[in-house]
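Have a look at the structure below before the remarks.
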Amino acid sequence: MGRLDDAGLGKAQLDGLLTMPGTVSPEQGRHYLGFGEAAGIDAAFTGSLIMGGASAGCLIQMGAMAIATSMATYVACVFADCAKTGGN
């Protein structure tokens, strides 16, 4: 995750968390749960999705939608993968 303090934010301000679990993540659709717990983010608006090459853009669109509809104020969009070291 990028540096929140560069944006003038603290972790507690994040009320949205969207992740792309990666191609080898065993959690798949539940990835946001483990990531949120490990990162110490307790967000109300959450989700994980895999959209092929459109995943990063879709995470941003969903985060913007959540903010525009007042479902969240600050949304972290997390996309990372390490296919060579994955567990599957």
Side-chain angles (χ1 to χ4, degrees):
M1 192 159 53
R3 296 195 38 102
L4 290 173
D5 55 343
D6 287 345
L9 296 173
K11 218 183 319 187
Q13 290 176 275
L14 295 175
D15 53 357
L17 174 63
L18 298 171
T19 69
M20 188 284 195
T23 56
V24 296
S25 173
E27 303 94 0
Q28 297 185 3
R30 298 178 314 277
H31 180 262
Y32 70 91
L33 292 169
F35 180 87
E37 183 177 356
I41 299 171
D42 184 23
F45 181 81
T46 58
S48 294
L49 57 92
I50 300 172
M51 300 290 291
S55 295
C58 191
L59 290 174
I60 300 290
Q61 287 177 331
M62 287 185 66
M65 178 205 66
I67 292 167
T69 60
S70 299
M71 296 176 76
T73 305
Y74 299 105
V75 180
C77 298
V78 181
F79 182 111
D81 201 1
C82 15
K84 286 189 176 186
T85 60
N88 285 349

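None of these values were measured; they are calculated from a predicted model. For the single chain, residues carry numbers from 1 onward in sequence order.
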Open item on the list: Surrounding CE of M51 (heavy atoms of other residues, nucleotides or ligands, distance under 6.0 Å), is the total greater than 12?
Closed with: no
Task: From L59 atom CG to Q61 atom CD, the distance as rounded to the nearest 0.5 Å - done: 9.5 Å
Open item on the list: So if I apply the side chain to side chain contact (heavy atoms under 4.5 Å, CB included) rule between I41 and each of V78, L14, L4, which one comes out positive?
Closed with: L14
Task: Sole candidate of L17, I67, T46, I60 that passes side chain to side chain contact (heavy atoms under 4.5 Å, CB included) when paired with V75 - done: I67
Open item on the list: Closer than 3.5 angstrom, by distance alone: can the side chain of Q13 be matched with the main-chain N or O of G10 as a donor-acceptor pair?
Closed with: yes
TODO: Output the distance between atom SG (C77) and atom CE (M62), rounded to the nearest 0.5 Å.
DONE: 9.0 Å
Task: Atom pair CE (M20) and CD1 (I50), whose distance is rounded to the nearest 0.5 Å - done: 5.5 Å
Open item on the list: Please find the pair of heavy atoms, one from A66 and one from F45, that lie closest to each other, and give the distance.
Closed with: CB-CE2, 3.5 Å
- [ ] Find the distance between CG (L18) and OG (S55) and round it off to the nearest 0.5 Å.
- [x] 11.5 Å
Task: Crowding at OH, Y74 (>12 non-hydrogen neighbours, <6.0 Å) - done: no
